[in-house]
Amino acid sequence: MATLWNHTSSDNGQGSPVHLSVQDADAALAIDYVREFSTRATAFQRQRSEEALVYVQRSVALLSTKVQPHHFAPAPGKLELARFFVDLHALMGALDAEGGEGEALWACVALVQHCSRNLEARRAIVEKFCYVPLLGLLLRRTQRSERVYRLLILLQDLTYGIRIAWEEPYLAALLEYLVEVVHGVGGEAENGTGSGEPEDEANSHALLALSVLVNLCYKNFAVLFLFLRSVNTSAFCRRIQNYGLLANKMLIILSEDVHAFEQRELHNFLRTAFAGMEDCLKNWNVAQLRHIVDFLLDSQCHAGLHRAMLSHTHYCEDVEKLLDRIDARCGMDDSQDETRKYQQICLDLVFRLIAYVLDLSADGNSIISLSAITPRLLELAGGWLASDLCGVSAIDLLSTLLRVGKRAAVAQLIASDPGPVVSLIASAERPETRPAQVVAILRLLLRLLQEGKTEKLVLSKLSESYFDKILAAPLALVPQFLSTQSLPQAEAEKACFCLLLLVQVAGIAKKAYLDKCCSLLERPQLQYCLARGLVSRNEPLVSAVLQIAQFEHFPKEAVAKHGAAIGGGSGGSTAACGDQAEQWRNLSSILRGHRTFTDKEMAVRVNALLENIGGIVRRNELASVPVSQVIELYNHRIDSLNGAVLSLQQRLEQAGQQLANGTQLAHVQSAELERFQTTNFELLISQDRLQTQCKDLMQQTHKLKSNMTNLLKQLSENSETLQASERRLAVKNSELAELQTDCEQLRTKLSAKSEELTKMETSNKENTSRIEKLKKSMMAYEQDMKEKLRTIEERERELAKTHKALDEQREARKKSEDLVSVLETQLQERKEQIEHLENEQKETEDLRKTIMSLMESKKPKRKP
């Protein structure tokens, strides 16, 4: 347990200055490449020449190879990237209009795939810049199979988690094409026309097309209804039954009215889903992992899947495999910021799934148990408590383990190493901590207060100032203008859980916190936060407010007044969100209400009625038409029209919402345009400043020219001194000749000295041989000394042992002396007691004698 919390996330550390400078240089280079591409694309749109196309293709190749994907992540201040995506979209549309088989268009497709490796860029490509319709159009027009495969791969990556609120125009054709790709495999296989390799290729295309269909239909009601209206679902379900995990996903989305699962199939689906999550964790594939986890977290929308999850018996094994995969992947080098970000997002999803599995066992389900791996779960979650991306889910997982797991064991592990919990408590009061993380910390503290082993730990780290710091944001509001001031919902939720923690602490330590609790509950700002929590549709938040309401000093009337004021203004949007959630939970009833042709018997019945009435009309026997059949047919038509009217009304409402979102986006873009204009004004000011600097530089050049003329004059003057120095050089040459003769004499002396040196070298060799002999003798002496040192060490060890034994004897002697002194004191006390008793006995004896003498003296004397 000592190493349980040792892992800390590295995303909070600051990079070195060299690393930051390199990042800034890469970002500047990326912006330069983006600007160059925009310039080339604009030139191509104007000229449409071969030379301009070559320049565009070169710029696209540079962006695909020289710029990392994280540089394409859009931000509020990066207008160049927004223009880049718009220009790329326009360029791809223009190239597709001219003929989609050119290399430039597919280089642009490769660039889109390169950009989509970043999550923020992928979200912008799908939601803001709407590349999916364009790619769908390219997919329908492409003939070459390898390019179809590339487009399907790209669409699969882009459509993970896509949200489509209304029936967009491109959807019908795209769905039809994808369904044709899926059906194309079965046709070739049944006819036996294709060889093995084309069949495998078509099979891979069909799997990708089915994956795109799953992504488009998942949680997108408009797409799902369009799919059900335009596809023969019975034939489609029969066709995809051999496609494993994707087929199960699609059939689950289509609800139980279309296909009824067996429990065995759903259990196999769960095992396959966990295996797919293991594959996602190998390279931190966030999009696919989020799709699988969301699918499992929404299991309550499909009754059969939820029953299968409640009866699944391999959770411990599957989760342990995920933990092994995470440990193996975390041991690798993830030094890049982008990789660490994806790692933490994947861990966030895994933590959420494990917490959901633990919640499934909360209702007394003994089949589901993760007790065998609880220490590993605690160790993994404890290492990421301070992370910005997965810290909230890690803290929630700890709370869930305390709520439904081995509570005593988890509390004991936390109490044995309380350092991370203490740091969490300290981080909650910092203003830079996110409200969601503070709420998770407060909920964890509420759980820890319920355990006896961790209650004292929490109470020892809390104080009145701690609650004041957490409630600083709502307390800063002006009480008279609460309805007109903006307080984020996250701050209101944080305030409610903080008050619940204060109420729980006041129940334990009334003398210290009861007055503080009562004074805070009387503040109008916190009453307003409690009212917002009460009318929210957040079940844990409402439960927290209801627990606070059990406090005896709870201001019920004030909170009710604020709640009534809030409920009158914000009922519409929350009701719309609730209706959408209710639609998703009751998908099968929606399908029945719209009378879609998912029921084969209904379709056969309607066709029989039409044929019967048509035959009567052809025979001119209208008088004998059964009125019940006509009424039934008209009722069916009326129901279908009512369903169409309802779908159109929903589409109109969604289109209105889209229009409102569009206006908001227009306002945001106008604000960005104003910001751009201000930066342009600043650039103009800097341009003027540069022009003044340029004038100063021109003056400096004139000064340099005048200095140059002066230097030339000095050079002419220096030529005369050069001639004089030449004369001196001739004199020096004559002196050099004399020195050469002296050098010859010195060489003869050098030869004599060299002979002497050889003699000295021979004597040196003799001396080295003697030194070698001395070294050998020294080595022998050293070995003797080592042996003697070894014996000395052994004797020192023995001496230490004897000293230790002597110390023990001294301690024993000291204890015995202490015991003897204690016994002597006790003996002295006993002796004193005995002496005291003897004195008392002596006194009593004297007293008895006196009494007896008195008694004898008082006796009457007998007369003789």
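The analysis underlying the following values was restricted to heavy atoms, covering all of them including side chains, and did not include hydrogens, waters or symmetry mates.
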Flag side-chain contact, heavy atom, 4.5 Å: [X] against [Y]:
{"X": "L174", "Y": "L216", "answer": "yes"}
{"X": "S38", "Y": "E80", "answer": "no"}
{"X": "L154", "Y": "R150", "answer": "no"}
{"X": "V34", "Y": "V67", "answer": "no"}
{"X": "L224", "Y": "Y218", "answer": "no"}
{"X": "R117", "Y": "F72", "answer": "no"}
{"X": "R352", "Y": "L349", "answer": "yes"}
{"X": "Y315", "Y": "L360", "answer": "yes"}

For the pair E167 and R229, evaluate salt bridge (Lys or Arg N to Asp or Glu O under 4.0 Å) and give the outcome as yes or no after the intermediate values. CA-CA 12 Å; E167 194 174 304; R229 290 199 306 269; 2.7 Å; yes

Assess whether a salt bridge exists between [X] and [Y], defined as any Lys/Arg side-chain N lying under 4.0 Å from an Asp/Glu carboxylate O.
{"X": "D388", "Y": "R434", "value": "no"}
{"X": "R376", "Y": "D324", "value": "yes"}
{"X": "D294", "Y": "K219", "value": "no"}
{"X": "E103", "Y": "R147", "value": "yes"}
{"X": "R325", "Y": "E320", "value": "no"}

Rounded to the nearest 0.5 Å, how far does [atom2] of [Y] lie from [atom1] of [X]?
{"X": "M277", "Y": "D318", "atom1": "CE", "atom2": "CG", "value": "7.5 Å"}
{"X": "L245", "Y": "M250", "atom1": "CG", "atom2": "CE", "value": "13.5 Å"}
{"X": "L353", "Y": "D348", "atom1": "CG", "atom2": "CG", "value": "11.5 Å"}
{"X": "L213", "Y": "L208", "atom1": "CG", "atom2": "CG", "value": "11.0 Å"}
{"X": "T272", "Y": "N248", "atom1": "OG1", "atom2": "CG", "value": "7.0 Å"}
{"X": "L91", "Y": "L105", "atom1": "CG", "atom2": "CG", "value": "8.0 Å"}

Has [X] got more than 12 heavy atoms of other residues, nucleotides or ligands less than 6.0 Å from its [atom1]?
{"X": "R163", "atom1": "CZ", "value": "yes"}
{"X": "Y170", "atom1": "OH", "value": "yes"}
{"X": "E146", "atom1": "CD", "value": "yes"}

Taking every non-hydrogen atom, the tightest pair across [X] and [Y]:
{"X": "V60", "Y": "A107", "result": "CG1-O, 3.4 Å"}
{"X": "C237", "Y": "L251", "result": "SG-CD2, 3.4 Å"}
{"X": "I292", "Y": "G276", "result": "CD1-C, 4.1 Å"}
{"X": "L53", "Y": "A104", "result": "CD1-CB, 3.7 Å"}

Test of understanding: with salt bridge (charged side-chain N to carboxylate O under 4.0 Å, His left out), list the residues that count as partners of [X], not counting sequence neighbours.
{"X": "E317", "result": "R271, K321"}
{"X": "D87", "result": "R83"}
{"X": "R264", "result": "E262"}
{"X": "R58", "result": "E36"}

Establish, yes or no, whether the cationic atom of R40 lies under 6.0 Å from the six-membered ring centre of Y55 and within 45° of the ring axis. yes

Side chain to side chain contact (heavy atoms under 4.5 Å, CB included) for L377 and L323? Distances and angles first, verdict last. CA-CA 8 Å; L377 292 176; L323 298 181; 3.9 Å; yes

Can you find a side-chain donor-acceptor pair between [X] and [Y] that sits under 3.5 Å?
{"X": "N285", "Y": "Q288", "answer": "yes"}
{"X": "Q241", "Y": "R238", "answer": "no"}
{"X": "K341", "Y": "H70", "answer": "no"}

For the backbone of [Y] and the side chain of [X], can you confirm whether one donor and one acceptor N or O come within less than 3.5 Å of each other?
{"X": "N220", "Y": "V223", "value": "no"}
{"X": "N215", "Y": "I162", "value": "no"}
{"X": "S387", "Y": "W384", "value": "no"}

List in chain and number order the residues that pass ring pair (Phe, Tyr, Trp, His ring centres under 6.0 Å) with [X], two or more places apart in sequence or in another chain; answer none if no residue qualifies.
{"X": "F274", "value": "none"}
{"X": "H267", "value": "H312"}
{"X": "Y342", "value": "none"}
{"X": "F37", "value": "F84"}

Side chain to side chain contact (heavy atoms under 4.5 Å, CB included) between F221 and I164, worked out: CA-CA 8 Å; F221 297 106; I164 302 173; over 6 Å; no

Mind checking side-chain hydrogen bond (donor to acceptor under 3.5 Å, both in side chains) for N232 and listing every partner two or more places apart, or none if nothing turns up? S234

Contacts of S299 that satisfy side-chain hydrogen bond (donor to acceptor under 3.5 Å, both in side chains) - sequence neighbours left out: H306, Y356

Using ring centroids (six-membered ring only for Trp), state whether F236 and F227 fall under 6.0 Å. yes

What pairs of residues pass the salt bridge (Lys or Arg N to Asp or Glu O under 4.0 Å) test when at least one of them lies in residues 283-293, not counting sequence neighbours? none

Under the criterion side chain to side chain contact (heavy atoms under 4.5 Å, CB included), I'd like the reasoning laid out for E176 against S230: C-alpha separation, chi angles, the key distance, then a yes or no. CA-CA 8 Å; E176 182 181 359; S230 57; over 6 Å; no

Atom pairs and distances, donor-acceptor, side-chain atoms in residues 122-138, under 3.5 Å, two or more places apart:
from, atom 1, to, atom 2, distance (Å)
R122, NE, S116, O, 2.9
R122, NH2, S116, O, 3.1
Y131, OH, F85, O, 2.5
Y131, OH, H89, N, 3.1

So, applying side-chain contact (heavy atoms from CB on, under 4.5 Å) with L178, which one of L210, L155, L152 is it? L152

Determine, step by step, whether L139 and Y177 satisfy the side chain to side chain contact (heavy atoms under 4.5 Å, CB included) criterion, reporting the C-alpha distance in whole Å, the side-chain angles of both residues, the deciding distance to 0.1 Å, and the verdict. CA-CA 9 Å; L139 180 64; Y177 179 82; 3.4 Å; yes

